[in-house]
Amino acid sequence: MHIPPPARLALLVALLAAAAGSLLLWSPQRLLSQGFTSAAPGIWAAPAFVVVFALATLAFFPKPVLNAAAGVLFGIPEGLVLAVAGTTLGAVLAFGLGRSLGRDALRPMLKRKALAALDRRLTDQGFRSVLLLRIVPGVPFQAINLAAAFSGVRLWPFVAATALGVLPGTTAYVIAGASASSPTSPAFLLSTAAMIAMTLLTLVSMRRARRTMVPSGVGEPV
């Protein structure tokens with residue numbers, strides 16, 4: 001059965017809204033902190049964590065909290081691998097939904113000058129563009145997923161750029177979670193410093209973006 005593009009876009013919005021609203025019924029943070037490893041013992045703990053992580057990112061749950069939980073539950077090496085895997089899986093789920101449900105309806109909008117330039121850059125330099133967007137602090141995770149889905153970025157460059165691009169921030173939060181019980185340890189202090197630096201970079205980038213959006217002379221006295 002053929003579903004018109006506007007109807008598919010409405011379905012995408014409804015699914016994302018339902019995913020976000022589902023957090024009223026379940027809390028990934030509570031699930032992961034209250035006996036998660038005992039509820040999913042042995043070889044099932046790691047894949048179950050990745051699935052919970054991915055679904056939580058799809059529901060717009062804060063990713064830093066999930067990264068820290070990975071460090072608490074699994075330690076630094078395994079926690080980092082699982083956090084990156086969960087992040088990448090969540091990104092792929094959002095990418096797949098956006099590509100299959102929203103792209104056709106939004107393609108006409110991409111003919112506008114500014115959006116066309118962004119679409120062309122994402123299409124022609126998919127891996128590089130997604131990688132830079134993942135590394136730069138302050139860019140919403142889900143916004144990158146959907147922007148890539150609506151553009152011509154191919155799946156595998158998107159996956160590779162996501163996995164590599166989230167490594168710096170993910171590492172800092174996983175280390176912080178794993179070493180939280182020793183707040184004076186070098187690992188915890190370094191990860192905290194990295195998180196503070198990323199927060200400051202986010203604030204600076206947001207301020208610069210705000211300045212570029214406001215035309216010169218706006219708000220100045222006549």
Side-chain angles (χ1 to χ4, degrees), residues 19 26-97 126-137 139-142 144-145 148-149 153-183 185-199 202:
W26 73 292
S27 169
Q29 184 178 9
R30 185 170 61 249
L31 175 64
L32 295 175
S33 62
Q34 295 180 354
F36 175 79
T37 51
S38 60
I43 61 173
W44 298 108
F49 179 84
V50 171
V51 171
V52 171
F53 195 118
L55 294 177
T57 60
L58 193 63
F60 301 92
F61 190 81
K63 204 161 67 66
V65 177
L66 299 170
N67 291 332
V72 172
L73 294 172
F74 298 97
I76 296 174
E78 187 178 2
L80 178 59
V81 172
L82 295 179
V84 171
T87 299
T88 306
L89 178 59
V92 169
L93 292 176
F95 181 91
L97 287 173
F127 175 84
R128 180 183 178 185
S129 299
V130 173
L131 180 65
L132 290 175
L133 288 172
R134 294 297 191 199
I135 293 175
V136 173
V139 183
F141 179 74
Q142 200 69 290
I144 301 173
N145 297 334
V153 176
R154 290 176 296 153
L155 175 61
W156 291 114
F158 172 80
V159 171
T162 295
L164 289 175
V166 301
L167 267 176
T170 301
T171 301
Y173 283 99
V174 169
I175 293 175
S179 57
S181 58
S182 303
S185 65
F188 184 82
L189 295 175
L190 286 173
S191 62
T192 301
M195 288 186 291
I196 293 173
M198 286 187 289
T199 301
T202 298

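Along the sequence shown, the residues carry numbers beginning at 1.
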Side-chain contact test, heavy atoms from C-beta onward, threshold under 4.5 Å: evaluate it for [X] versus [Y] and give yes or no.
X	Y	value
Leu82	Leu73	no
Val52	Phe61	no
Trp156	Val159	yes
Asn145	Gln142	yes

Do you know the tightest heavy-atom contact between [X] and [Y]?
X	Y	answer
Ala56	Leu66	CB-CD1, 3.7 Å
Gly126	Val153	CA-CG2, 4.1 Å
Phe53	Ala83	CZ-O, 3.7 Å
Phe141	Thr57	CE2-CB, 4.1 Å
Pro168	Gly165	CD-O, 3.4 Å
Ala161	Phe127	CB-O, 3.4 Å

Per the side-chain contact (heavy atoms from CB on, under 4.5 Å) rule, which among Thr170, Thr171, Val174, Leu164 passes with Val84?
->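 Of the listed options, the one satisfying the test is Thr170.
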
Could you tell me the separation between the [atom1] atom of [X] and the [atom2] atom of [Y], rounded to the nearest 0.5 Å?
X	Y	atom1	atom2	value
Asn67	Ile175	CG	CD1	11.5 Å
Leu133	Ile144	CG	CD1	5.0 Å
Thr88	Phe95	OG1	CZ	13.5 Å

Would the number of heavy atoms belonging to other residues, nucleotides or ligands and lying under 6.0 Å from CH2 of Trp44 be above 12?
->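 Open.
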
